[in-house]
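Please read these numbers as outputs of a predicted model, since none were measured by experiment.
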Amino acid sequence: MTMVNDLTNKRVLVTGGTGMIGRYLVNKLLQKNCKLTVVSLDDPRDLPPEVKFMKLDLTVLENCIKACEGQDYVFNLIGIKGSPKMSRERPASFMVPMLMFNTAMMEAAMRCGVQWYLYTSSVGVYHPAEVFSEDDVWKTFPSENDKHPGWAKRIGELQADAYRIQYGLDNISIVRPANVYGKWDNFDPDNAMVIPSLINRIVSGERPLTVWGDGTPIRDFIYAGDCADAMIHMVENGVTEPVNLGSGTGVSIKDVAEAIRDQYDESVEIAWDATKPTGDARRLMDTTRAESYGFKCSTSIEDGIKETIDWFLENRDAYKGRNNYFVEK
């Protein structure tokens, strides 16, 4: 493919750059000598010193304009991440801020005339199915379990379409990541997703390591480093139709749990709690479109889990006491 956008030495804004995907993205953009600005409400943590950090509430349009002024590219990764349980119990905490900062950020970027904008959507936009294909989204509704954040993400995608129709702006990439994991994740055992939750619990000494269901469901996981690579790839190649980001192959929850156990301590027993819900049998991303644009994930689940465990062991004390119920992407 012919490169449409050359990010080298460009001024780039990353919202949510202190979160999991954001930190990988920041490091990769620095390798392109980008002049980086990161905006977050979180602390800058261990961001590289050459990154400009701004602490702004991006639900406020004026703050979004302040962040976007003078930028060539914007990668909007800011979001609210939590477990399905939290989505059910605190839907307003998911939906309302997402609607506000997604709408304000895209509007600010368009007003400021940025060259290209990346919008991070979600697997939550899909209706339950064995395989998620990009063009199926608008034929259905989001799952009842994900409908509030799912609809908030869909509205962001519609907003991009509205700018294209009314103003002829065709400079927005939309990506829909699968289940992302890696360093800088939310490891709260009560509210995290399956991989970080199991890592925290096994490291904390839970014996046996208890996993809900029977381990048979197949899910699509993407290592955060691969996800960041894909985002850069779609922007550089000027991709404007929504693209799934996932492995496309999937792995069983049993294999995930055993990979975590084997990487940490092979002697740990895994107990399956069949009284708890198992979930859908199979949920995979169709990655045909991503592959047609020249992108395919390169990190195996085993290698990704090993890196995540190693990082967690080195950093968990520094993160104790933080409120990780909601963390940026």
Side-chain angles (χ1 to χ4, degrees), residues 3-81 101-102 104-121 156 171-175 177 180 182-186 222-239 245 295 307 311 315 318-319 327-329:
M3 182 181 291
V4 174
N5 296 303
D6 184 1
L7 296 171
T8 306
N9 298 317
K10 296 300 193 300
R11 296 163 297 181
V12 181
L13 169 67
V14 179
T15 69
T18 60
M20 175 177 52
I21 305 172
R23 283 306 321 274
Y24 283 91
L25 182 63
V26 163
N27 291 342
K28 291 174 185 294
L29 291 171
L30 286 176
Q31 294 172 13
K32 296 178 178 290
N33 296 315
C34 295
K35 300 173 180 65
L36 275 180
T37 300
V38 166
V39 178
S40 172
L41 272 180
D42 202 353
D43 296 327
R45 297 184 183 177
D46 53 346
L47 282 172
E50 60 268 41
V51 176
K52 178 183 177 181
F53 179 76
M54 302 173 72
K55 194 167 189 174
L56 294 172
D57 179 359
L58 296 180
T59 63
V60 179
L61 178 60
E62 289 75 12
N63 288 342
C64 295
I65 293 173
K66 180 179 180 181
C68 288
E69 286 176 341
Q71 301 294 336
D72 299 311
Y73 295 88
V74 174
F75 287 77
N76 184 14
L77 275 65
I78 193 169
I80 297 172
K81 186 176 181 182
F101 55 62
N102 284 342
M105 271 305 305
M106 197 178 295
E107 172 68 12
M110 297 307 107
R111 288 191 190 185
C112 292
V114 302
Q115 184 172 333
W116 205 271
Y117 184 92
L118 177 128
Y119 174 67
T120 307
S121 189
N171 62 342
I172 299 175
S173 295
I174 298 171
V175 293
V180 188
K183 300 185 292 185
W184 298 287
D185 204 345
N186 169 18
I222 181 171
Y223 166 70
D226 286 343
C227 190
D229 283 334
M231 291 174 164
I232 292 171
H233 184 88
M234 298 307 159
V235 169
E236 286 183 333
N237 289 283
V239 178
L245 303 183
F295 180 81
E307 178 183 291
W311 181 88
N315 292 276
Y319 282 78
V327 294
E328 293 175 352
K329 294 182 177 180

> L41 and K55: which non-hydrogen atoms are nearest, and at how many Å?
Replying inline: O-CE, 3.1 Å
>> Just verifying a value: how many Å separate L25 CG and F75 CZ, rounded to the nearest 0.5 Å?
In response: 5.5 Å
> Do any N or O atoms from the side chain of K35 and from the backbone of N9 form a donor-acceptor pair under 3.5 angstrom?
Replying inline: yes
> Hey, is the main chain of V239 close enough, under 3.5 Å, to the side chain of S173 for a donor-acceptor pair?
Replying inline: yes
>> Can you tell me which residue among V14, N27, L47 is in a side chain to side chain contact (heavy atoms under 4.5 Å, CB included) with L36?
In response: V14
> Any sub-3.5 Å donor-acceptor pair from D57's side-chain atoms to T59's backbone N or O?
Replying inline: yes
>> Rounded to the nearest 0.5 Å, what separates atom CG in N237 from atom CD1 in I232?
In response: 11.5 Å
> In Å, rounded to the nearest 0.5 Å, how long is the span from CE of M105 to CD1 of I78?
Replying inline: 8.0 Å
> So Y24 and W184, would you call those rings parallel, tilted or perpendicular, with 30° and 60° as cut-offs?
Replying inline: perpendicular
>> On a heavy-atom basis, which atom in D43 and which in T18 lie closest, and how many Å separate them?
In response: O-CG2, 3.5 Å
> At their closest point, which heavy atom of L7 faces which heavy atom of C34, and how far apart are they?
Replying inline: O-SG, 3.2 Å
> For K183 and M20, which heavy atoms make the closest approach, and how far apart are they?
Replying inline: O-CG, 3.1 Å
>> I'd like to know if R23 and D46 make a salt bridge, using a cut-off of under 4.0 Å between side-chain N and carboxylate O.
In response: yes
> Between D72 (side chain) and R11 (backbone), is there a donor-acceptor pair under 3.5 Å?
Replying inline: yes
>> Can you tell me how far apart CG (N63) and CE (M54) are? Round to the nearest 0.5 Å.
In response: 8.0 Å
> What are the two closest non-hydrogen atoms of Y117 and M106, and how far apart are they?
Replying inline: OH-N, 3.4 Å
> Is the closest side-chain heavy-atom distance between V38 and P44 below 4.5 Å?
Replying inline: no
> Looking at side-chain heavy atoms only, is the closest gap between S40 and F53 below 4.5 Å?
Replying inline: yes
> If every non-hydrogen atom of L13 is compared with every non-hydrogen atom of A67, which pair is closest and at what distance?
Replying inline: CD2-O, 3.7 Å
>> Return the CD to CG distance between E62 and L56, rounded to the nearest 0.5 Å.
In response: 11.5 Å
>> Within the supplied structure, the quantity of interest is the number of heavy atoms (other residues, nucleotides, ligands) at a distance under 6.0 Å from K66 NZ; does it exceed 12?
In response: no
> Short question: side chain of T15, backbone of L77 - any donor-acceptor pair under 3.5 Å?
Replying inline: yes
